[in-house]
Student: 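After the structure tokens below, expect a handful of questions from me.
Atoms within a ligand are numbered from 1 in the order they appear, just like the ligands themselves.
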Amino acid sequence: MAAPLTDAERLRLLDALADGQWHSGEALAAAAGITRAALAKRVDRLADWEIEVEAQKGVGYRLAQPLERLDAAELGRAVPGLRVEVLPVTDSTNARLLDAPAADDPQALFAEYQTAGRGRRGRRWASPFAANLYLSIGWSFPDWPRQLTALPLAIGVACAQALDEARVPGVGLKWPNDVLAGGRKLGGILIEHRGEAGGACRVVVGVGLNVAMSARQAAAIDQPWTSAHQLQTMHGVAPISRRALAAILLRTLHETLSAFERAGFDAFLPAWQARDLTRDRAVTIASAQEALSGIARGVDEQGALLLEAAGTVHRIHSGEVSLRAA
Ligand code: BTN
């Protein structure tokens, strides 16, 4: 049976390995506060968080790629006054914040690793340790927002703007809120809310952005995907530090939620249109009940997709968009 490993031991081991260089077994054991004899089995357990470690006899161990852990204090400085927490591991940052007291909003929660990261439509969101960004923000609107259904689109705009600022090239949006580049998924947004129509409304805005995930870590993803570092490397741009990207994303999301609270989606509609990857293209929208094909004609002020089919423009409120071959 594999040796038990506490989260604290695992983090000490990781911090000792974080630079991506080779480290001898002796040095690692000392840094992690465990015996040399126990080390190999403990290193094996790093795989529980989907961390890839290489071992070489007589040399030691190294991570397949260097690792940069997030720092809550640094992220807190990016948005003064915002409560920010970073957990090394949790089931899902969305699930945690849905259970958190609304009195603590606005609050942001990052996780380095999610054991049950949630995607849209009940899918699993790949969340290997410190490879990408997994963030949720709890936000309480004092009044029910007039254009709440368009909030996912505004958040998509925020993600695209943050990625622009981080010099990640070619980012576009696919309705309702897929963040894509080069036809591949770069990020996703999952907004969950509780509250009653007409009263105060609390949302949890979850964002996952692929930053430096390896092909092996992404093996379970069943759609074309990309990452910030992959895109930057392809375009000759130096890969952004994950910590810097996290700070930019947090600030941009906070600004967007504040502006949405004041002015709704109208303020974001032109920016969304400028990123719209499906406009005037032949698409099929699949919902639980049916599939409808037509030409995408942008979105309305409530964030509904306008789909022209047989001379009629339909307003689609939910579904999965796929492009059809021309
Ligand atoms: C999608 O399917 O496109 C949405 C993915 C949303 C993933 C993020 S990661 C942070 C937050 N916590 C979760 O469990 N899901 C969201």
Student: At a 4.0 Å threshold, what atoms of ligand 1 neighbour a non-hydrogen atom of R118?
Tutor: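 Every atom of ligand 1 under 4.0 Å from some heavy atom of R118: 5 (C), 6 (C), 7 (C), 13 (C), 14 (O), 15 (N), 16 (C).
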
Student: Using the test salt bridge (Lys or Arg N to Asp or Glu O under 4.0 Å), find all partners of R184 that sit at least two apart in sequence or belong to another chain.
Tutor: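 Partners of R184 under the salt bridge (Lys or Arg N to Asp or Glu O under 4.0 Å) test: none.
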
Student: Below 4.0 angstrom, N of the basic side chain to O of the carboxylate: do R243 and E74 qualify?
Tutor: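 Counted as a salt bridge, because a side-chain N and a carboxylate O are separated by less than 4.0 Å.
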
Student: Could you check V84, T93, D71 and say which one makes a side-chain contact (heavy atoms from CB on, under 4.5 Å) with F110?
Tutor: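 Going through the options one by one, the only one that passes is V84.
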
Student: Are the charged groups of E112 and R242 less than 4.0 angstrom apart, N to O?
Tutor: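 Salt bridge flag = yes for R242 with E112.
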
Student: State whether W139 and R202 meet the cation-pi test: NZ (Lys) or CZ (Arg) under 6.0 Å from the six-membered ring centroid, and within 45° of the perpendicular axis.
Tutor: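 That pair does not qualify as a cation-pi contact.
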
Student: Does a side chain donor of either T284 or S322 reach within less than 3.5 Å of an acceptor in the other side chain?
Tutor: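 No.
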
Student: Measure the distance from atom 2 (O) of ligand 1 to every protein heavy atom, then report the residue, atom name and distance (to 0.1 Å) of the closest one.
Tutor: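 That would be R120 N, 2.7 Å.
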
Student: Provide the number and element of each atom of ligand 1 under 4.0 Å from a heavy atom of I189.
Tutor: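 Going through ligand 1 atom by atom, the ones under 4.0 Å from I189 are 3 (O), 4 (C).
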
Student: Starting from atom 3 (O) of ligand 1, locate the nearest protein heavy atom and write down its residue, its atom name and how far away it is, to 0.1 Å.
Tutor: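 Answer, as residue, atom name and distance: K185 NZ, 2.6 Å.
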
Student: Does ligand 1 have a heavy atom under 4.0 Å from the side chain of N177, from its backbone, from both, or from neither?
Tutor: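 No part of N177 is near ligand 1 at this cut-off.
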
Student: Do me a favour and list the nearest non-hydrogen protein atom to atom 5 (C) of ligand 1 with residue, atom name and distance?
Tutor: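 Atom 5 (C) of ligand 1 sits closest to the protein heavy atom W125 CE3, 3.4 Å.
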
Student: Which atoms of ligand 1 sit under 4.0 Å from any heavy atom of T93?
Tutor: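 Per the distance check, 10 (C), 11 (C), 12 (N).
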
Student: Which of the numbered atoms in ligand 1 are below 4.0 angstrom from a heavy atom of G117?
Tutor: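 Counting from 1, the qualifying ligand atoms are 14 (O).
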
Student: Counting non-hydrogen protein atoms only, what is the nearest one to atom 9 (S) of ligand 1? Give residue, atom name and distance.
Tutor: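 Of the protein heavy atoms, Q114 NE2, 3.5 Å lies nearest.
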
Student: Just jot down the salt bridge (Lys or Arg N to Asp or Glu O under 4.0 Å) partners of R12, sequence neighbours excluded, or say none.
Tutor: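 Residues passing salt bridge (Lys or Arg N to Asp or Glu O under 4.0 Å) with R12: none at all.
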
Student: Atoms of ligand 1 less than 4.0 Å from S92 heavy atoms?
Tutor: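 Selected atoms, number and element: 12 (N), 13 (C), 14 (O).
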
Student: Taking atom CG of N177 and atom CD1 of I155, what is their separation to the nearest 0.5 Å?
Tutor: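 Reported value, rounded in 0.5 Å steps: 9.5 Å.
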
Student: Tell me, please: is R121 in heavy-atom contact with ligand 1, that is, under 4.0 Å?
Tutor: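 Per 4.0 Å heavy-atom rule, R121 does not contact ligand 1.
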
